[in-house]
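Each remark here refers to the structure printed beneath this line.
Computation of the quantities below employed the complete heavy-atom set of this structure, encompassing side-chain atoms and omitting hydrogens, waters and symmetry-equivalent molecules. Each ligand, and each atom within it, is numbered from 1 in the order the structure gives.
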Amino acid sequence: MTARLDATHGADLTSWVASANGHPDFPIQNLPLGIVSAGNGERRPGVAIGDSILDLAGLAAAGLLPGEAGRFVEAGASGTLNAALALGGGPRLALRARLSELLREGTGERPAVEPHLHDAESCVLHLPAAIGDYTDFYAGIHHATNVGKQFRPDNPLLPNYKWVPIGYHGRASSVIPSGVPVRRPSGQRKPAAEAVPAFGPSRNLDYELELAIWIGTGNAQGEPVPIGSAAEHIAGYGLLNDWSARDIQAWEYQPLGPFLAKSFASTVSPWIVTPEALAPFRLPQPARPDGDPQPLPYLRDEADQREGALAIELEVLLQTPLLREKGLSPHRLGLSDARHMYWTMAQFVAHHTSGGCNLRPGDLLGTGTISAPDLAGAGSLLEASQGGREPIRLPSGEERRFLEDGDEVILRARCRREGFAPIGFGECRATILPAAVP
Ligand code: CA
């Protein structure tokens with residue numbers, strides 16, 4: 001069921017695309033998939049290799065992607081990857097194997113491939129799929145605990161947390177790719193000291209450091225996906241910033257959960273990092289502490305418990321106009337890891353479909369904010385500034401409790417393991433624009 005190690009993972013594998021060798025995100029061992037326009041050209045499937053992007057439609061037209069590998073690219077010819085993701089793991093694996101051959105140092109096919117290579121700087125990266133539905137989970141147990149503590153110091157986690165993968169339905173229409181600026185939302189906010197709410201720009205704008213999960217093959221309505229085959233429905237992963245207006249959220253969230261505090265924008269990284277690329281970085285799901293319940297049978301699978309977690313280092317950085325002006329690098333606000341999830345990705349899929357809901361190719365799931373146990377690993381400002389009480393001091397001399405206009409938030413992710421080439425996810429970044437004048 002789970003992706004296996006093969007020749008494409010060899011640590012000594014190098015590419016004739018020189019920038020790929022030692023590239024922090026996109027060495028030949030990664031090969032993430034996306035939708036790209038070169039210059040003003042049409043949207044086509046592409047793969048990141050070093051500082052370049054390979055046009056897969058061009059390769060296919062040149063006859064370089066026969067069989068199953070070509071099927072994947074053909075299905076993406078419409079300018080979204082939905083139909084390609086729907087094909088499941090076979091064509092994706094075939095494409096990966098073929099691309100690894102074509103990009104390898106020493107291949108005789110370099111002259112045929114090279115004309116289809118573009119400088120990444122000259123390309124526009126789009127959403128990889130037309131997202132029909134977006135669901136956000138809440139699996140980062142330290143985030144859930146830290147946020148819960150602000151409301152219930154003695155009993156931060158609600159009684160359902162360790163039984164049910166908590167989630168809610170997000171808004172798909174406002175999911176945007178990395179690089180598109182985000183406008184500060186306005187809404188109703190009611191500070192505790194005020195008797196009635198007022199409408200205006202959010203004063204407590206925050207980010208959330210999450211992983212994105214792209215659904216591949218879907219399921220029919222009324223036909224749940226068993227936990228044992230749930231991982232096969234995941235086509236890949238990315239980074240997700242679930243922007244959150246905490247003041248609007250605090251007033252509107254009861255009793256039905258987040259609404260306008262989160263629906264104004266969610267930013268995803270444009271590259272789909274495949275389960276195949278992540279095969280070396282699988283881990284056992286961390287053992288639950290003594291006294292915690294075991295997952296109910298519909299969420300428990302031996303193979304998933306043995307290798308259903310991922311070692312992915314997650315980082316969030318802040319760039320302000322003043323930091324940039326002073327020539328200072330973006331300031332790290334948090335360093336966390338995907339290991340801090342209480343539920344596996346397969347458990348999300350099994351739980352989501354367990355009631356009969358149908359997932360469709362290109363649907364997006366968020367993991368929920370993934371924070372480490374310590375403050376240096378906070379995945380949101382709500383945690384890092386402890387509800388806005390403790391400002392974060394930046395090397396520019398500035399302070400932040402929440403985000404200001406002009407601030408840019410950058411998410412990054414990296415996988416490392418002894419004996420394997422490290423790979424990354426590319427960036428998920430966006431700058432905050434001032435609120436629209438009502
Ligand atoms: Ca979230």
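Taking the Ca ion (ligand 1) as reference, the nearest N/O/S atom within Asp242 carries the name OD2. For the Ca ion (ligand 1), the nearest N, O or S atom contributed by Glu210 is named OE2. Looking at Glu208 and the Ca ion (ligand 1) together, the shortest N, O or S contact belongs to OE1. Sorting the N, O or S atoms of Asp136 by how far they are from the Ca ion (ligand 1) puts OD2 first.
Residues His233 and His352 place their aromatic rings such that the two centres sit no closer than 6.0 Å.
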Please report the C-alpha distance between Glu313 and Arg417 in whole Å, then the side-chain angles of each, then the deciding distance to 0.1 Å, and finally whether the salt bridge (Lys or Arg N to Asp or Glu O under 4.0 Å) criterion is met. CA-CA 11 Å; Glu313 190 181 282; Arg417 183 177 155 196; over 6 Å; no
Can you check side chain to side chain contact (heavy atoms under 4.5 Å, CB included) on Leu103 and Leu31, steps first, answer last? CA-CA 10 Å; Leu103 290 166; Leu31 306 174; 3.8 Å; yes
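A salt bridge does not link Asp301 to Arg306: none of the charged side-chain nitrogens sits closer than 4.0 Å to a carboxylate oxygen.
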